[in-house]
Amino acid sequence: MKFKLKTSIRWRLLFGITLLISGLFAIILLSIEKREVRILLEETRNRTILLAQYMADVNLQPLVRYDQEAINQNIASRVSDTLLYIIFYDRSGKPITANDEVKAFSDIFCCAEIRETAEPGDRILTTRKIVWKGVAVRLLEVEIPVFLPGSDRKWASVKIGHSLEPMYGEIKKIRLVLLMIGLGGLLMGIIGAYFLARGITRPLKELVGATISIAGGDFSRPIETKSSDEIGELARSFDEMVRKLVVTKQKMETANRQLLQAEKLASIGRLSATIAHEIRNPLTSVKLNIQKIRELRDFSESEHQHLDLACEGIGQIEKFIKELLEFTRVSDLSLDRFSIQQIIEESLKVIKNSLSHKNITVKKNYGSDLTSIRADGDKLRQVFLNLLRNAEEALPKGGQIDISTDVVSGNGQNKIRIQIADNGPGIPEKDWENIFEPFFSTKPAGFGLGLANARKIIEQHNGSIKVARKEGQGSLFVILLPCGEEG
Amino acid sequence: MASLAKKLGLAIVISITLLAVFLLTGGSTEVSAPRYGGVLRVRAISPKFDPVFDPVSSSHVFVVEQLYDNLVRFDNNFNIVPGLAEYWKISDDGLRIVFYLRRGVKFHNGRELTASDVKFSLERLMKISSRNRIYPYFVGKVVGSDEFVSGNASEVSGFREVDEYTFEIQWTRPYVSSLYLLAMSYCKILPKDQVSSQGGRFFQKPVGTGPFKFLNWLRNSRLDILGVRLERNVSYYGNKPYVDGIDYSPFFTDDQFEEGLVHMIPVVSEKMLNGKYTILENNSLRVVYLALGCTLPPIDNKAVRQALSLGIDKISLARACSSPRSEFQPIGSFIPSILPGFFPVDRPPAYEPEKARTILRQELQLLPDQKLNLALVLTLPRNEWHTYLSRELSRQLDLLGINLETRYLKSDNDILNYKMPYLKLLDYTLDFPDPEDIILPIFYSKSELNRINSHYSSARLDELLAQAEVEASWEKRLSVFKNIEKILLEEAPAIPLFSEKIRIAVQPRVKGVKPPALGFSYMDTKKIWIEK
């Protein structure tokens, strides 16, 4: 079953983070913009008021003297592109003097806004939009009263018009800068969000891929992650789970195999036992009848040979039936403490004549730290005898058999390792497992039960037997038997 | 833990309490608040006491300033501010000025001030010409004034009562410095009815609108009048004075001052300068020149006059002539910097004796052992500082090869008979702070002082003076006088020597004393208070 995500987490994360960053940036930049604009407005307002106050102070005595020329000079020296007009009014609000350009604006020039009863600190602020020298201008107009020292009545008033265009220009610049910052921030945010999303979703994607592979039976794909966050933790846990799954699978497969093997063996055994029983009785009858016939008549030499052959054949069948029944019989182990070396030596004794007849050398390398083990000596002897016989049969004249024993550790357990190798033709690798199957044989004569029996006996001892790779030509059998103590 | 918190809390409460007490009571004597009460005792600058406080002729300007008010007045920076007139308007052509009087201003006798009092007081200035050096500033300048002084009109038509509280002056030509004139002590406003009915007797018990009113004369055991006692005018239209009254007399002694019985006296000794008193300095309107007889050789030679100017060390001269009471400040310009709007600082007086000697040798062609004889002419009465001046000037001119003889005249006119080249000491006090009041009387070709002292004549200067007289623009008028200054520096009809700073000693417990722009006589006593 394949898993297909309908909406990518990466894109959702990207979208969500981008939206969040955009929102945050928008709020912050808007706040900054508002604040800056307010500060600029305040600054402009205060500067304009200060300018008005300055004009009032500088022109105080000229106002007292009604020195229009001096006032006009002061006005001319201050009027500029930003300070558009300065108008002085007398107490009654009639204009005393102003710069010429403003006189065309009768609504501005004609009268003072500030009342005659104004008090110190009073001011009138007005914003206007006018066309000044052909250009539309927004301006802030400030009018303040002028007081002479010691007088509590307004002497005069001064009105100034200060262009707000530079301020708006500044505001525009600020907005542009903030916009650029916002766009830059947004871009960086998108990039950052992308990498963040990628950083989160990539391990997830690998997890998904690994899950799909595992679902498809491929346990070999590890998840590579270097992150130390929860995703990394998840990936590592997943990897651990996969490893355990693999081990469990392998164990299950082994168990399955063993179960199958056991079932197979059991079914072979049942079948074999049935066949053996069915054959044995008539076979015994045949053998007895042939013996009777030999006793009843004299036969010719060739007739005796035929009868001998028949008996031999029956004998072989009996032998096969015996081996088969032996293979199928589940017998309990008769355990006792034995030295492996001793069992091997006993096995060698049995085939000593066959070995010497073929001039086969036996090289032994027994480990010094071997302890005795609890085992069924007879059955183990059978196993070693079987292996040695197979080696002897496979070896040509002058061949060599190497026998070694040592102790190996694995999974907290010590095991005795027995290695029996020969320098014969060897066993094709494709048959390494098959040779332990019942009725499988590479020899022209043989029932194929020897190694199957050997595996059965070794497995009864909680050990293992397998064919291993050998340096050079020949076969190598490795048997592992538990020592029976912790390592 | 609980007891520690309690102790901490108590410490905080005590600290706050102490701080509050400190702030309420004040931690420093320098920031004490003004208090009402006490009588301020002031010794007169003038050694004589004339018990006539006529604004036109009184030598006790200090008292005049307490008793009466002007239409306008000076602040401490020589700026014109409202007085009895709370507002005024000047016409565009500068020929008319309309004053709007404050309502509810009362004379000391309780009668309200009106425009007719103003008209009366200003017309009075043009009546008494013989003792009155002021009326030239009005006569010929106010419309109808000529007719008035010649007897052809019973009033000055240019002084007009528009209504009870509105007074108008019409000038014959724009009078830019008129406001400064009207702020001077002689332009005080008197009660028409009282002065008209009492005549000279009015000044035996004068009545004005000022912050102080006449209480009684200070007399000795022989009932000689030694001074005057003024009392606070509780109906004053402006800020009421803090002190209850002022005792004013030229006869308060140094001992009385040292005992703390007198609060303010002109500095008379170096000891006072080093003592525990507050010493205040202020410019007066006095300037000192050496007028040069420009028609008598060799001083008729401009180069010789310039050499004389270069050859006199005014700094040493000022130092020699100064006294604890009066410090002379050397000046290098004819128009002193104290006058509003002119030079922000005095031009440093040039002193180049080598150059002076060279010019003199060149111009005079004297033999090596020959000296030029000059007279230093002074007018009686003799003065101590005349002696110092004469001595120091003699020493300096001797170095230039000039022999200086000191001569005293009984009257200024006596100099007209002089045939010897001379330097005439011209000790001049301005009547009002305007350069015209220096240039016109001293250097105008037709002025009396010039006729007597320098006999100087410059058509260009006269022309500029005439231009300044009618100039409606203050700024343009300033630049005219700056041009006149250049001419005078070039022509050197006189040598500017000093301006004057007066020193007074004040008891430390007298607070709020600020040196006024025009001199101590114009002190604003309303802001003075006496600590306990």
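Here is how names work: the chains are called A, B, and so on, in the same order as the sequence lines, proteins then strands, and each is numbered from 1.
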> So which part of Asp90(A) gets closer than 4.5 Å to some heavy atom of chain B, the side chain, the backbone, both or neither?
Replying inline: both
>> Cation-pi check for Trp474(B) against Arg65(A): NZ or CZ below 6.0 Å from the six-membered ring centre and within 45 degrees of the axis, yes or no?
In response: yes
>> Can you confirm whether the side chains of Glu113(A) and Tyr89(A) place a donor and an acceptor under 3.5 Å from each other?
In response: no
> Side chains of Glu141(A) and Tyr85(A): is there a donor and an acceptor less than 3.5 Å apart?
Replying inline: yes
> Quick one: what part of Lys89(B) sits under 4.5 Å from any heavy atom of chain A, side chain, backbone, both or neither?
Replying inline: both
> Does Arg91(A) make a cation-pi contact with Tyr87(B), if we ask for NZ or CZ under 6.0 Å from the ring centre and within 45° of the axis?
Replying inline: yes
> Do you know which of Arg102(B), Arg73(B), Glu86(B), Glu475(B) has the most heavy-atom pairs with chain A at a distance under 4.5 angstrom?
Replying inline: Glu86(B)
>> Heavy-atom cut-off 4.5 Å, strictly under: side chain, backbone, both or neither for Ile80(B) against chain A?
In response: both
> Heavy-atom distance under 4.5 Å between the side chains of Leu176(A) and Lys173(A), does that happen here?
Replying inline: no
> Which atoms of Asp92(B) come close to chain A, meaning under 4.5 Å heavy atom to heavy atom: side chain ones, backbone ones, both, or neither?
Replying inline: side chain
